[in-house]
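Following: one structure in structure tokens, then a few remarks.
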Amino acid sequence: MIKFTKDHEWIKIEGDIGVVGITEHAKTQLGNVVFIELPQIGAQIKQGNEIAVVESVKAASEIYAPITGEVIETNQHLIENPGLVDNSPEGQGWFFKMRMTSPEELGGLMNKEAYDLYVKG
Amino acid sequence: MSKQTPFYELHQEYNPRMVDFAGYALPISYPEGIIAEHLWTRKKASFFDVSHMGQIKIEGPGVVRFLEKLTPTSYDSLLPGQMKYSVLTNEDGGIIDDLMVTRLTENAFYLVVNAACLQKDVDHFRQYLPKGLVLTIYEDQALFALQGPKAQEILGAYDSSLKDLLFLQAKEASFMGYPCWVSRSGYTGEDGFELSLNKEIAIPLLQELLSHPDLKCAGLGARDSLRLEAGLPLYGDDLDARITPIEAGLSFAVSMSQREQPRFIGHQVILEQLKKGVAKRRVGFFPEGKTLFRKGAPLLDAQENEIGVVSSGTFSPILNRPIAMGYIDSSYAGPIFAVVRNVKRPCTITNLPFYQPHYKRKQVA
């Protein structure tokens, strides 16, 4: 299952783990990504709080936790190759994985259809 | 509603991301992105629309004296077709704008000023303009830059005399029958040209030039990262009315004859600084991590005292790391930290430019 936030993050659910990244739309808005400030492993973040920062040439953008949980893994490939976000924002350019503590929060997020409409509107 | 430059329709053919800049709709980047445009400029050549900038002619007897009052530079020995970089100074020696000054004829000069400063500059000129001098603003005149190692090859194909034009020289030329005023100058640190031409021929000429495989379009985003790599200041970020040319590292704009016999507004402060030194100075920084520094980030010493501020910063595609410029207390020599998103990030001072320019200067035997 994959869900989307109003801030253009996606979260792919695998059991109680969510893989998080930014959408193609977000990446287009940002321009060239040069650096991602990823969260610490073990960080406990509440839904909606700032969890990462994406630096593009023009500006730094905050990424917000799509759900409440604990960061269990970060994408080390992004450190050497932030361009992965440019090339594959919804695939290899994933940012981090969280263990969800309140899965009912997913109900408040958009599915693909709703997100596509949201972006168009 | 943003104004359109003469190249507006041409930009749309290349699908840019547009932005309002100084009241004009301009491309910030095209689909390949800022970094690709930046690298292409340093390897091949890029076209930049700079028609938003102010183009002014000032002519009449006494124009040199006028310019030598409003800028700290001297122009007496500037020949027609030669140009200088200079600044407009206020009573405190602060910079009102930076500009390029070209001598057209004995009594006529052509100035290019920053878009956002045009009205302010013209008001300033008019305040001091003596009778007998005429100031004309070129309305709707197209202006573009063609920058990069391939610029000579691309443009020179239409006019073989271009190869004899050296850095900071300018002349009338004609490309495919389209008359232009062309200068060998720019804001990227590469060899290249800037061309002023009638808006009617702007797009036809560029369509022809862009048929060359080595020429691509580049936007304001790449223009900024290129000039920063080349250590060039941007008015509004690195220069403003509270900064003198000496503090900004632009002492070369204060001509020798103006130091010996000052005629310019603000000479008291500036000559004092030349004699005694400056309290703050513009420097380059290498952030030690990967976080970019941006305008306004405070600079601290190890005890968290403020010792300066970042004036501009970006990512350098050539060096593959963040770079920044800012002002620092001249007397300070110790560890420096920029505060970015509430975290102290160490950095080191470095000489400017970050990238050595490739200007076509006279060959010295």
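Order of the sequence lines sets the chain letters (A, B, ...), proteins ahead of strands, with each chain counted from 1. Given the structure is predicted, the values throughout are model-derived calculations rather than measurements.
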**OP:** Could you please spell out the steps behind the salt bridge (Lys or Arg N to Asp or Glu O under 4.0 Å) verdict for A/Glu37 and B/Lys290?
**Re:** CA-CA 9 Å; A/Glu37 234 174 66; B/Lys290 299 200 178 188; over 6 Å; no

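For residues 15-34 of chain B, every residue pair satisfying the salt bridge (charged side-chain N to carboxylate O under 4.0 Å, His left out) rule, not counting sequence neighbours, is listed here: B/Glu32-B/Lys216.
Between atom CG of residue A/Asp86 and atom CD1 of residue B/Ile35 there is a gap of 7.5 Å, rounded to the nearest 0.5 Å. How far CG of A/Asn32 is from NE2 of B/His38: 11.0 Å, rounded to the nearest 0.5 Å.
Inspection of non-hydrogen atoms places A/Val53, A/Glu55, A/Ser56, A/Val57, A/Lys58, A/Ala59, A/Ala60, A/Ile79, A/Glu80 of residues 47-81 of chain A under 4.5 Å from chain B.
B/Lys120 NZ: more than 12 foreign heavy atoms inside a 6.0 Å radius. The neighbour count for B/Arg242 CZ, taken as heavy atoms of other residues, nucleotides or ligands under 6.0 Å away, does not exceed 12. Within a 6.0 Å sphere centred on CG of B/Asn351, heavy atoms belonging to other residues, nucleotides or ligands number 12 at most. In the displayed structure, A/Gln92 atom CD is contacted under 6.0 Å by at most 12 heavy atoms of other residues, nucleotides or ligands.
If you measure heavy-atom distances from B/Asp224 to chain A, the contacts under 4.5 Å come from the side chain alone.
Residues B/Thr314 and A/Val34 fail the side-chain proximity criterion, which asks for heavy atoms closer than 4.5 Å.
Considering only heavy-atom pairs separated by less than 4.5 Å from chain A, the leading option among B/Ile34, B/Ile28, B/Leu292 is B/Leu292.
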